[in-house]
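One structure is given below, encoded as structure tokens.
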Amino acid sequence: MTQQEHCLFCFENPNRPRYLVVAIANFTYLMLPQWQSVVPGHCCILPMQHELVTRTVDSHVWDEIRNFKKCLIMMFAKQEKELVFLETVMGLGQQGCHCLIECIPLPQKIAKQAPVYFKKAIDEAEDEWSQHNAKKLIDTSVKGLRGSIPKDFPYFHVEFGLNKGFVHVIDDETQFESSLGLNVIRGMLCLPEEDMYRRRRHESVETQKQAVATFARDWERFDWTKQLE
């Protein structure tokens, strides 16, 4: 079985859940999560090809990801919400992970506190995990993601809008919780604590299709991919 046939995020995979796709560009696409959303409006930006990390994608893929982010920011601003973007990169050696950016809309008042919450969570987690005194959090607002960490390192990256964020190089993948980013969001929103510890649940296809239809109505005015037609 090829990687594209195995990976449910590769665009060429005939088994991927197509009904979750909201918009398709030349090299990337926007979809709703394959599992239960953390909040309404939770969505994901992905490259079509089996790219492993945002850090190393080609410039045309990078630019399209940024276009999706810009338009999502404008869309949710109309709802008085701001976006947090999450990327957790692990398992690079197995070539199994598909680059995925989770986009989480938050009420503006809560979103303003997000940098403090994420800094605290990563600092506390690192105190438990880290084997050495690596720099825990690197501010990406100066050099961006690419200028902040070298290639081929596992990392956790959180962005607050387009130009502010933190990246953390994962020191020990066996100790790092891949759900850290979403759990910080759940904590900020005071969502049930048990959601932090159970596996991500799937919703019914019907429920997911309804969520896609609702999202697509809001997205239509901001859909930059229409210009590609």
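Side-chain contact between Leu106 and Leu189: present, with at least one pair of heavy atoms (C-beta onward) separated by less than 4.5 Å. Contact of the Trp219 side chain with the Cys71 side chain is registered, since non-hydrogen atoms from C-beta on lie closer than 4.5 Å. In this structure the side chain of Leu32 never reaches within 4.5 angstrom of the side chain of Cys44, judged on heavy atoms. Between His98 and Leu8, every side-chain heavy-atom pair lies at or beyond the 4.5 Å cut-off. You'll find the side chain of Ile104 reaches within 4.5 Å of the side chain of Leu182, heavy atoms only. Lys70 is not listed as a side-chain neighbour of Leu72, based on a closest heavy-atom distance of 4.5 Å or more. Looking only at side-chain heavy atoms (C-beta outward), Ile170 and Phe153 stay at 4.5 Å or farther from each other. Side-chain contact check for Met31 versus Ile45: every heavy-atom pair is 4.5 Å or farther apart.
Listed by chain and number, the residues in a salt bridge (Lys or Arg N to Asp or Glu O under 4.0 Å) with Glu82 are Lys112 (sequence neighbours excluded). Applying the side-chain contact (heavy atoms from CB on, under 4.5 Å) test to Asp139 and every residue at least two apart in sequence or in another chain returns Ser141. Under the salt bridge (Lys or Arg N to Asp or Glu O under 4.0 Å) criterion, Lys120 pairs with Glu124, sequence neighbours left out. Residues passing the ring-ring contact (aromatic ring centres under 6.0 Å, His included) test with Tyr155, sequence neighbours excluded: none. With sequence neighbours left out, Phe76 forms a ring-ring contact (aromatic ring centres under 6.0 Å, His included) with no residue at all. Glu203 pairs by the salt bridge (Lys or Arg N to Asp or Glu O under 4.0 Å) definition with nothing, not counting sequence neighbours. Partners of Tyr29 by ring-ring contact (aromatic ring centres under 6.0 Å, His included), not counting sequence neighbours, listed by chain and number: Phe11. Qualifying side chain to side chain donor-acceptor pair (under 3.5 Å) partners for Thr54, counting only residues two or more places apart in sequence or in other chains: Glu87. Qualifying side chain to side chain donor-acceptor pair (under 3.5 Å) partners for Trp62, counting only residues two or more places apart in sequence or in other chains: none.
Exactly one of Leu137, Val169, Leu86 qualifies for a side-chain contact (heavy atoms from CB on, under 4.5 Å) with Phe156. That residue is Leu86.
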Exercise for review: Quick one: do Leu30 and Val21 satisfy side chain to side chain contact (heavy atoms under 4.5 Å, CB included)? Show the steps, please.
Suggested key: CA-CA 6 Å; Leu30 179 69; Val21 175; over 6 Å; no

Exercise for review: Begin from the C-alpha positions of Asn67 and Lys69 and carry the test side chain to side chain contact (heavy atoms under 4.5 Å, CB included) through to its verdict.
Suggested key: CA-CA 5 Å; Asn67 281 346; Lys69 287 178 178 177; over 6 Å; no

Practice item. Carefully, step by step, assess Leu228 and Asn26 under the rule side chain to side chain contact (heavy atoms under 4.5 Å, CB included). Key: CA-CA 8 Å; Leu228 302 172; Asn26 289 324; 3.9 Å; yes

Exercise for review: Apply side chain to side chain contact (heavy atoms under 4.5 Å, CB included) to the pair Arg16 and Phe9, showing each step before the final yes or no.
Suggested key: CA-CA 6 Å; Arg16 68 180 172 83; Phe9 295 116; over 6 Å; no

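Once rounded to the nearest 0.5 Å, the distance linking CZ of Phe27 with CE of Met48 reads 9.0 Å. Separating the CD atom in Gln49 from the SG atom in Cys99 is a distance of 12.5 Å, to the nearest 0.5 Å. Here CE of Met75 is found 8.5 Å from CG of Leu83. Values are rounded to the nearest 0.5 Å. Rounded to the nearest 0.5 Å, atoms CG (Leu46) and CZ (Phe68) are 9.5 Å apart. Atom NE2 of His168 and atom CD1 of Ile138 lie 9.0 Å apart (nearest 0.5 Å). Note that CD1 of Ile73 and CG of Leu162 are 3.5 Å apart. Values are rounded to the nearest 0.5 Å.
Annotation for Leu92 and Pro154: closest pair CD1-N, 3.9 Å, computed over non-hydrogen atoms. Across every non-hydrogen atom of Cys97 and His50, the tightest pair is O-NE2, 3.5 Å. Between Lys143 and Ser148, the shortest heavy-atom contact is CB-OG, 4.0 Å. Val61 and Pro47 make their closest contact through CG1-CB, 4.0 Å (heavy atoms, listed as atom of the first residue, atom of the second, distance). Counting all heavy atoms, side chain and backbone alike, Val38 lies closest to His42 at N-ND1, 3.0 Å. Nearest approach of Met188 to Ile110, heavy atoms of both residues: CE-O, 3.3 Å.
Crowding of Glu220 atom CD: a count of heavy atoms from other residues, nucleotides or ligands under 6.0 Å not exceeding 12. Residue Asp152 qualifies as open at atom CG: its count of foreign heavy atoms under 6.0 Å is 12 or below.
Proximity of the aromatic rings of Phe85 and Phe160 is defined here by a centroid distance below 6.0 angstrom, and this criterion is not met.
Under the salt bridge (Lys or Arg N to Asp or Glu O under 4.0 Å) criterion, no residue pair touches residues 42-68, with sequence neighbours excluded. For residues 72-81, there are no salt bridge (Lys or Arg N to Asp or Glu O under 4.0 Å) pairs, not counting sequence neighbours. Under the salt bridge (Lys or Arg N to Asp or Glu O under 4.0 Å) criterion, no residue pair touches residues 25-39, with sequence neighbours excluded.
When atom types are taken as modelled, the side chain of Ser37 and the backbone of Pro40 share no donor-acceptor pair closer than 3.5 angstrom.
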